[in-house]
Amino acid sequence: MKETSLPIPPPTAPRREPAIAEAPPRPRSARPFTPVPDAPRAPGAAGPQTLREYLEPVMGRFVRSLPRVLPRIAIFLGAIVLINAILHPLEVWRLSPTVASIATFFIFISAAYSSIIPKTVFWTIGFLWVKGVLRHLRRNGTAATLARFTGGAEAARSLLMDSASTRLGTLVGGAGLGVVLGIYLSGGMLGRSTPAIVTLAALVYLLGTEDSAFVTVVRLGAGDLARLVGRQGPTEDAVRTGLAALGAGLILSALPMLVDAGTVGYIVGALAVVAGLAMPLVLPGRAAS
C-alpha cells in the first residue's frame with residue numbers, strides 16, 4: 001500500500017502585536033523654573049532661641065561620633081606632645097646660626113615657647129580651623145578658598161567703616177578686647193605672636209562665611225546674658241561687627257609690644273572694653289550694639 005504524504009502548509013510570518021502609539025513629547029516651556037517659597041515659619045519654629053537649644057543636639061552628635069573621632073584626637077595630642085618635647089627644651093643660642101634660624105622658625109610656627117593657655121588656643125584653632133580650611137580647599141579649589149579670605153577682609157573693612165556711627169560701643173569694646181587678647185596670646189612679645197596671628201586669620205576666614213556656627217553661638221550666648229539684665233540680645237550684624245573690631249584690636253596689639261609696653265597696652269585695652277560697655281548706656285542712639 002502506497003503511503004500518501006500530507007501537504008505541508010507554507011510557513012506563516014509570526015504574528016506581530018499592534019504597536020502602541022507613543023504620545024508626542026511635551027514641549028518644554030521657555031519660562032525658567034521658579035521654586036515655590038516655603039510657608040512662613042511659626043514664631044516658635046524660627047530656630048534655637050537660646051544657647052542651650054543650639055548646643056544640645058550638637059553635643060549629642062559629638063558624643064555619638066566619639067568612637068570614630070577618638071583615634072584622630074589621640075594622634076593630634078600625640079603630635080602636640082612630640083613637637084613640644086623636641087622644641088620646648090631646645091636652647092637656640094647654643095646652636096650654629098643656620099640651625100638656630102631654622103629652629104627659631106619652627107618654634108615660632110608651633111608656639112612651642114608660649115605658655116599653656118595660648119599654646120592650647122593655638123593648637124585648638126589649628127586642629128579645627130585649619131582642618132576646615134583644607135576640607136574647603138579640597139572640595140572647592142584654591143580660588144574659592146582664597147576668596148573666603150579676601151571676602152572676609154573686605155567684610156571686616158565694611159563693617160568697621162559702616163558701623164562707626166551706629167555701633168561705636170561695639171567697635172571700641174571689641175578693639176579693646178582684641179588688644180588685650182593679642183598681648184596675652186603673644187606673652188607680650190612679638191616673637192611669640194603665632195597664636196594671635198592664627199586667631200586673626202581664623203576671624204578673617206570666618207567673616208568671609210555667610211553662615212557661621214561660631215557667629216550663631218556668640219549671638220545666642222550674648223542674647224542669654226543680655227536677657228539676664230533685661231536687655232535685647234545682639235543681632236548677627238552686631239556680632240560680626242564685634243568680631244571685626246576684635247580682629248582690628250589684634251593688629252593694634254602689635255604697637256605696645258613693639259615698644260615693649262605690654263602693661264600699658266593691657267591698661268589701654270581694658271579701658272576701651274569698659275568704655276565700649278558704657279557707651280550704649282551713655283549714647284544709646286549712636287552706640288547701640
Side-chain angles (χ1 to χ4, degrees), residues 37-62 121 124-125 128-129 132 148 151-182 184-185 199-200 202-250 252 269-289:
D38 296 334
R41 294 182 177 182
Q49 301 298 313
T50 65
L51 186 59
R52 179 181 177 181
E53 293 178 3
Y54 182 85
L55 290 182
E56 277 184 348
V58 174
M59 294 304 298
R61 290 193 297 268
F62 174 74
V121 171
T124 302
I125 295 177
L128 298 176
W129 171 65
R148 282 272 184 100
E154 178 60 28
R157 186 195 67 82
S158 299
L159 288 168
L160 294 175
M161 297 294 293
D162 298 340
S163 302
S165 59
T166 57
R167 297 192 177 102
L168 186 59
T170 302
L171 295 180
V172 174
L177 182 61
V179 170
V180 173
L181 185 63
Y184 176 76
L185 291 178
T199 303
L200 175 62
L203 283 175
V204 172
Y205 184 81
L206 184 149
L207 290 173
T209 307
E210 293 184 359
D211 187 14
S212 171
F214 182 77
V215 172
T216 302
V217 168
V218 174
R219 177 178 60 81
L220 293 176
D224 291 342
L225 294 176
R227 280 188 291 272
L228 291 177
V229 295
R231 297 183 63 86
Q232 187 178 1
T235 63
E236 182 171 337
D237 285 342
V239 173
R240 289 182 175 271
T241 300
L243 294 177
L246 181 69
L250 288 173
L252 293 174
L271 291 175
V273 172
V274 174
L277 294 174
M279 279 183 181
L281 304 176
V282 178
L283 304 171
R286 295 185 56 201
S289 59

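Just so you know, residue 1 is the first one in the sequence shown, and it goes up from there. Hydrogens, waters and symmetry mates play no part in the numbers below; they use all other heavy atoms, side chains included.
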Who passes side-chain hydrogen bond (donor to acceptor under 3.5 Å, both in side chains) against Tyr184, sequence neighbours left out?
none

Test of understanding: with side-chain hydrogen bond (donor to acceptor under 3.5 Å, both in side chains), list the residues that count as partners of Glu56, not counting sequence neighbours.
Arg52

Considering all heavy atoms of both residues, which atom of Leu51 and which atom of Asp224 are nearest to each other, and what is their separation?
N-OD2, 3.1 Å

Could you tell me whether a side-chain N or O of Thr235 sits under 3.5 Å from a main-chain N or O of Ala238, the two making a donor and an acceptor?
yes

Any heavy-atom pair between the side chains of Val121 and Thr124 that's under 4.5 Å?
no

Roughly how far, to the nearest 0.5 Å, is the CD atom of Glu210 from the CZ atom of Arg148?
9.0 Å

Interatomic distance, CG@Leu185 vs CG@Leu200, rounded to 0.5 Å, equals 11.0 Å

Pairwise distance CZ(Arg231) to CG(Leu225) - rounded to 0.5 angstrom
13.0 Å

Could you grab the distance from atom CD1 of Ile125 to atom OG1 of Thr199, nearest 0.5 Å is fine?
3.5 Å

Distance col, row Thr170:OG1 vs Leu160:CG, nearest 0.5 angstrom, shows 11.0 Å

Qualifying residues under side chain to side chain contact (heavy atoms under 4.5 Å, CB included), relative to Asp162, sequence neighbours excluded
Ser158

For the atom pair CG (Leu159) and CG (Leu171), what is the distance rounded to the nearest 0.5 Å?
9.0 Å

Looking at every heavy atom in both Trp129 and Ala202, which two are closest together, and how far apart are they?
CE2-CA, 3.7 Å

Atom of Val172, atom of Ala272 and distance for their closest heavy-atom approach:
CG1-O, 3.5 Å

How far apart are the closest heavy atoms of Leu206 and Ser212, and which atoms are they?
CG-OG, 3.6 Å

Minimal non-hydrogen separation, Pro234 against Ala222, with atom names
CG-CB, 3.6 Å

Over all atoms of both residues, closest heavy-atom pair of Thr241 and Arg167:
OG1-NH1, 3.8 Å

With the side chain counted from C-beta on, respond yes when Phe214 and Thr209 share a heavy-atom pair under 4.5 Å apart, and no when they do not.
no

